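Since this is a predicted model, take the numbers as computed values, not measurements. Counting starts at 1 for both ligands and their atoms, following the listed order. Keep in mind that the numbers below use all heavy atoms, side chains included, and drop hydrogens, waters and symmetry copies.
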Amino acid sequence: MLDASMPPSDYTIATLLSRAATRLGVDGRTEAELLLTHALARPRAWLFAHADDPVADGDAEAFERLVQRRERGEPIAQILGHAGFWSLDLRITPDVLIPRPETELLVERALALLPIDRALRVADLGTGSGAIALAIASERPLAKVAAVDASAAALEVAQANVQALNLSARVRCVQGDWFAPLADERFDLIASNPPYVAQDDPHLREGDLRFEPMLALASGNDGLDAIRRIVRAATAHLHAGGWLLLEHGWQQGSAVRAILAESGFEDIVTEHDLEHRERMSRGRVRG
Ligand code: GLN
């Protein structure tokens, strides 16, 4: 409900924003702007140029409903229905993991291993919204990317993103469990941000994670089930000298390096995220 002490007609863009910002906490100002942008279907810059404009009651109420959803903890990306990743704006629904900045590190490292002037074959396992597959395809015009997900609902989101970004000639969405839908195809690079949280990790019941698909987050007692399956099957799907890149939990670096080594991967390297925590590892099959 709107604050009864203030007649709705007295709301301006500026007053609505500052009240919501206070209620929403740490990133409140930014989030309030994004939600108002969404409620009014106006670009963010428009809000600043019209700070003193009155807001129609219906619009103020629509905004209030969005603020309340955010107050209840719903992730901002799910409320807005989209999120930024790499240089792309991606459609997001509750069926997919919300792309995170640490996964941009994976994209950056993958690009460093993928020459721009060669026809390449890349796979993104557990593609979700299509984030990794689409970021790579957008930067490597000769690459063909297979975007795999076990969830049909997730793949629908990925497919919508492929189409919106005009990448359907080079990004193919396929449904199935890890390598299952890829038959005997081989790739130059396989990337994955698999589920890697331990299934009893209390974080799964906190913050944004509560609203995200469990299939994309949790993987067995130690969180490493998916990584073990991917690594063990990956050698049969990589060309000689091809790379496997995996995002993982910040305490899983040594375990993931051991899993890669057991399967015969070489040149194994772990890299840190922006918080200096071990966040992704890669290995290469013998060239
Ligand atoms: N990085 C996510 C988190 O812990 C987990 C993503 C994943 O399991 N792939 O918030």
Do any nitrogen or oxygen atoms of R100 come within less than 3.5 Å of a nitrogen or oxygen of ligand 1? yes
shortest atom 8 (O) of ligand 1-to-protein heavy-atom contact is with Y196 N, 3.2 Å
At a non-hydrogen distance cut-off of under 4.0 Å, which region of [X] contacts ligand 1 (side chain, backbone, both, or neither)?
X	answer
A216	backbone
E102	side chain
P194	backbone
L209	side chain

May I ask you to say whether D27 pairs ionically with R70, meaning some side-chain N is under 4.0 Å from a carboxylate O? no
Is a salt bridge present between E64 and R23, judged by a nitrogen-to-oxygen distance below 4.0 Å? yes
Would you name the heavy atoms of A119 and D188 that are closest together and state the gap between them? O-OD2, 4.5 Å
For R286, check side chain to side chain contact (heavy atoms under 4.5 Å, CB included) against everything at least two apart and list the hits.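 Here the qualifying residues are E266.
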Between E247, H248, R257, which is the residue that forms a side chain to side chain donor-acceptor pair (under 3.5 Å) with S281? H248
Give the atoms of ligand 1, by number and element, whose distance to some non-hydrogen atom of P195 is under 4.0 Å. 8 (O)
May I ask you to decide if A21's main-chain N or O and R29's side chain share a donor-acceptor pair within less than 3.5 Å? no
